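Here's the structure, in structure tokens; my notes come after.
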Amino acid sequence: MLESRAIAAEPLIRVENVSKHFPVTRGLLVMRTTGQVKAVDGISFTIGRQETLGLVGESGCGKTTTSRLLLRLERPSAGRVLLDGRDVHALTGAALREYHTRVQAVFQDPWSSLNPRLRIRDTIAEALVVNRRVSKAGRLERVEEVLHQVGLPLGAGGRYPHEFSGGQRQRIALASALASYPELIVLDEPVSALDVSIRAQIMNLLKDLQARQKLSYLLVAHNLATVRYIAHRTAVMYLGRIVEHADTESVYRNPLHPYTKALFAAALPADPDAPRDDLILSGEVPSPIDPPSGCHFHPRCPFALEQCSRVDPVLRAITSDHAVACHLY
Ligand code: SF4
């Protein structure tokens, strides 16, 4: 596992060999389990303090399930998620409430976290009532503070969600996440629903908030340029596994795994300074119910070796900050 760049001895979040398998059931009267969807299959990573890890990959690769595991919206089938060394899925009572203040989320669709019938200030204050014991005056003061931090005008708290643009609503979702003084925010496609002109503003805001408030982010995004702009490290997922994990500039300038090369060639304009052997990503992503044997990528890989369909490549460090799961290395 590649360690976070954080100077602190223990990273904020440590994901240890985590899997999430969902049963596939069949039958009308009697349901039978006929297989398992291996949405996440034995992944490990860390996120340091004030660090951003980007997760990229095609739809269905396990990015969103990974983020849901960190948010405790799913329980792992195996492995552990540790926050400051404590298993987050074993937390109860006050420790669990504390977890929900320390770890927050911002999703693609800000509407999902906003009640259209509540004024903005009440929506944000409600989150504070659930998560922290703060007086009413203290809550209102905190609401004004976070609205100011995300760049919304004075008085915005008294208005309703429909009175704001898409970009402003994403600022409100961020303010809501910030209210409980979190340390980690899971950003699941935070700018993909926004106009291109607004995206840069929100991405800059995210970077600015991270620097000022020492936040850590797990950034899930299909837009590779967004991840490159925000993430310090990037992990590439394919069919539930991490196939490459490196310092972001290292993985973008010098992708090693054939899947990463093909993914980047399809999505990013060529960098004139970097020699690239562009690959074309052909074929569909195989079903996670019955993934290919050995390296899951072998049916689509132009470099497949004889052993690739039999032997599972392990994620191995090639340099101190670049790991890849491929028999070519
Ligand atoms: Fe291709 Fe083999 Fe590497 Fe998989 S392990 S990416 S099939 S060369």
Side-chain angles (χ1 to χ4, degrees), residues 1-3 15-21 35-45 53-66 78-79 220-224 227-228 231 233-271 274-329:
M1 169 175 35
L2 279 198
E3 293 292 333
V15 171
E16 284 184 352
N17 208 16
V18 164
S19 296
K20 179 65 190 176
H21 299 171
Q36 302 229 302
V37 175
K38 295 182 177 176
V40 169
D41 198 16
I43 63 169
S44 300
F45 60 80
L53 174 69
L55 277 187
V56 301
E58 291 165 288
S59 297
C61 69
K63 308 185 298 270
T64 293
T65 304
T66 303
V220 170
H222 69 270
N223 185 302
L224 298 174
V227 174
R228 186 175 194 173
R233 286 184 299 123
T234 297
V236 183
M237 291 189 74
Y238 187 74
L239 276 181
R241 295 176 178 173
I242 292 176
V243 297
E244 187 158 2
H245 184 177
D247 173 74
T248 293
E249 273 315 295
S250 176
V251 79
Y252 277 72
R253 284 191 171 272
N254 182 29
L256 297 178
H257 195 282
Y259 172 65
T260 315
K261 288 185 184 192
L263 185 72
F264 284 16
L268 292 173
D271 177 347
R276 279 189 1 183
D277 44 349
D278 283 0
L279 298 180
I280 304 301
L281 198 51
S282 60
E284 296 291 312
V285 181
S287 164
I289 299 175
D290 187 19
S293 57
C295 171
H296 289 348
F297 189 57
H298 83 259
R300 303 171 83 188
C301 180
F303 305 110
L305 309 167
E306 186 275 325
Q307 80 235 51
C308 295
S309 60
R310 291 185 291 104
V311 185
D312 228 352
V314 293
L315 189 67
R316 189 174 288 133
I318 302 298
T319 65
S320 60
D321 65 1
H322 203 141
V324 63
C326 174
H327 293 308
L328 295 176
Y329 302 93

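As the structure is a computational prediction, the values presented were derived from the model and not from experiment. In listed order, ligands and their atoms are each counted from 1.
The aromatic rings of F297 and Y259 sit perpendicular to each other, their planes meeting at more than 60°, with 30° as the lower class boundary.
For the atom pair CG of D41 and NZ of K20, the computed distance is 13.0 Å after rounding to the nearest 0.5 Å.
H222 and E58 share no side-chain donor-acceptor pair at under 3.5 Å.
Scanning both residues, V56 and Y252, for their nearest heavy atoms gives CG1-OH, 4.4 Å. Pairing each heavy atom of R233 with each of D247, the nearest pair is CG-CA, 4.0 Å.
L328 is linked by a side-chain contact (heavy atoms from CB on, under 4.5 Å) to P258, F303, L305, C326, counting only residues two or more places apart in sequence or in another chain.
Of all protein N/O/S atoms, those under 2.8 Å from atom 3 (Fe) of ligand 1 are C326 SG, and waters are not counted.
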